[in-house]
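Below: the structure, in structure tokens.
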Amino acid sequence: MTRFRAHRPLFGDLRFVIGVVLVLASIAGVWLLVSSSRQTVPVLQATRTVLPGERISSAELQVVDVGLGPLADAYLAPQSLESGAVAVRALAAGELVPLAAVGDAEDLRTTSVVISSTALPADVAPGTAVEVWHAPPLEDGRAFEEPRILVGDAVVADVAEEEGMLAGARIDVEVVVDRADVADVLAAITGGDAISLVPTLAGS
């Protein structure tokens with residue numbers, strides 16, 4: 001009596017091989033991820049708040065070794081800092097410096113203006129991210145319209161409070177704004193708008 005040996009379909013063998021390959025690839029990926037996270041690279045970290053437009057040098061930075069894995073190329077390495085580099089956005093003290101936050105003076109799209117205020121939140125200081133709100137005066141000059149946002153992403157550069165007999169009467173605040181917003185800010189100032197600075201979550 002002749003016996004026939006059952007053969008496993010070729011399709012089933014292929015699925016088994018593909019499954020093994022996928023498992024091995026997954027294990028290799030996890031191993032590479034863990035290995036890369038354990039490796040540290042030197043990058044630059046801000047030692048103080050750096051405002052947009054400020055020149056960046058070794059005086060404002062320190063070298064730290066961190067495990068960034070595949071993200072390492074997105075941050076400024078010590079050997080990549082060029083003379084004359086400036087911050088194109090605000091850098092907080094302790095922040096690792098992203099390459100996108102550093103550029104040339106020609107790359108800057110910001111400038112600073114001085115806004116006078118009679119009241120300022122106590123936690124507003126250089127480096128604080130703020131919104132600039134304004135309320136235009138009504139025609140009778142006795143009241144103001146509803147407040148609305150004038151600039152949504154400004155940064156405080158300096159706070160100068162008057163001293164002496166008139167102390168508390170006015171606070172001059174230098175803020176860094178996008179150049180596209182300068183005309184609107186100056187128009188609000190010359191138009192007699194009531195202007196207030198409101199800290200945002202980015203500055204808290």
Side-chain angles (χ1 to χ4, degrees), residues 44-57 59-62 74-76 84-138 141-204:
L44 294 174
Q45 181 185 51
T47 57
R48 66 169 179 83
T49 298
V50 181
L51 300 174
E54 279 196 80
R55 181 164 294 184
I56 300 177
S57 67
E60 296 81 29
L61 306 172
Q62 65 180 359
Y75 291 88
L76 185 64
V86 299
V88 297
R89 71 158 176 81
L91 293 168
E95 180 182 358
L96 299 181
V97 181
L99 286 175
V102 181
D104 300 323
E106 292 78 9
D107 298 330
L108 288 175
R109 298 179 58 253
T110 59
T111 189
S112 59
V113 294
V114 175
I115 296 174
S116 296
S117 177
T118 56
L120 195 67
D123 56 348
V124 171
T128 302
V130 295
E131 294 175 341
V132 181
W133 287 68
H134 76 126
L138 297 175
R142 298 180 180 179
F144 295 89
E145 298 179 13
E146 288 292 325
R148 51 185 179 267
I149 292 179
L150 181 62
V151 180
D153 55 352
V155 178
V156 175
D158 192 25
V159 178
E161 187 171 358
E162 290 187 341
E163 298 180 356
M165 294 181 60
L166 297 179
R170 190 183 72 178
I171 303 173
D172 289 335
V173 184
E174 182 182 355
V175 295
V176 179
V177 299
D178 192 287
R179 291 184 183 274
D181 295 322
V182 172
D184 291 338
V185 174
L186 295 180
I189 294 174
T190 57
D193 294 15
I195 302 178
S196 300
L197 301 179
V198 180
T200 65
L201 292 178
S204 62

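Along the sequence shown, residues carry numbers from 1.
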To the nearest 0.5 Å, what is the distance between CD (Glu145) and CG (Asp193)? 8.0 Å
What pairs of residues pass the side-chain hydrogen bond (donor to acceptor under 3.5 Å, both in side chains) test when at least one of them lies in residues 178-191, not counting sequence neighbours? Arg109-Asp178
Mind listing the closest non-hydrogen atom pair of Ala87 and Leu108 along with its distance? O-CD2, 3.4 Å
With Pro52 as reference, evaluate Leu91, Val176, Val88, Thr111 under the side-chain contact (heavy atoms from CB on, under 4.5 Å) test and give the passing residue. Val176
Trp133 versus Val198, closest heavy-atom pair with distance: CD1-CG2, 3.6 Å
Name all residues meeting the side-chain contact (heavy atoms from CB on, under 4.5 Å) criterion together with Arg142; count only those two or more places apart in sequence or in a different chain, and write none if there are none. Asp140
Verify the neighbour count for atom CZ of Arg55: are there more than 12 heavy atoms of other residues, nucleotides or ligands below 6.0 Å? no
Between Val132 and Leu197, is any pair of side-chain heavy atoms under 4.5 Å apart? yes
How many angstroms lie between atom OG1 of Thr49 and atom CD of Glu95, to the nearest 0.5 angstrom? 9.5 Å
If every non-hydrogen atom of Leu186 is compared with every non-hydrogen atom of Val113, which pair is closest and at what distance? CD2-CG1, 4.5 Å
Rounded at 0.5 Å granularity, tell me how far CG in Leu150 sits from CD in Glu131. 11.0 Å
Should Leu44 and Ile56 be marked as a side-chain contact (heavy atoms from CB on, under 4.5 Å) after you check the CA-CA gap, both sets of side-chain angles, and the distance that decides it? CA-CA 11 Å; Leu44 294 174; Ile56 300 177; over 6 Å; no
Which heavy atom of Val156 sits nearest to which heavy atom of Val159, and what is that distance? CG1-CG2, 3.8 Å
Under 3.5 Å: donor-acceptor pair, side chain of Gln45, backbone of Gly94: yes
Checking side chain to side chain donor-acceptor pair (under 3.5 Å) for the pair Ser112/Glu174: CA distance, chi angles, key distance, verdict? CA-CA 6 Å; Ser112 59; Glu174 182 182 355; 3.0 Å; yes
To the nearest 0.5 Å, how far apart are OG in Ser116 and CD1 in Ile189? 7.0 Å
Minimum heavy-atom distance Thr128-Asp123, with the two atoms named: OG1-O, 3.6 Å
Closest heavy-atom pair and its distance - Ala46, Leu61: CA-CD2, 3.9 Å
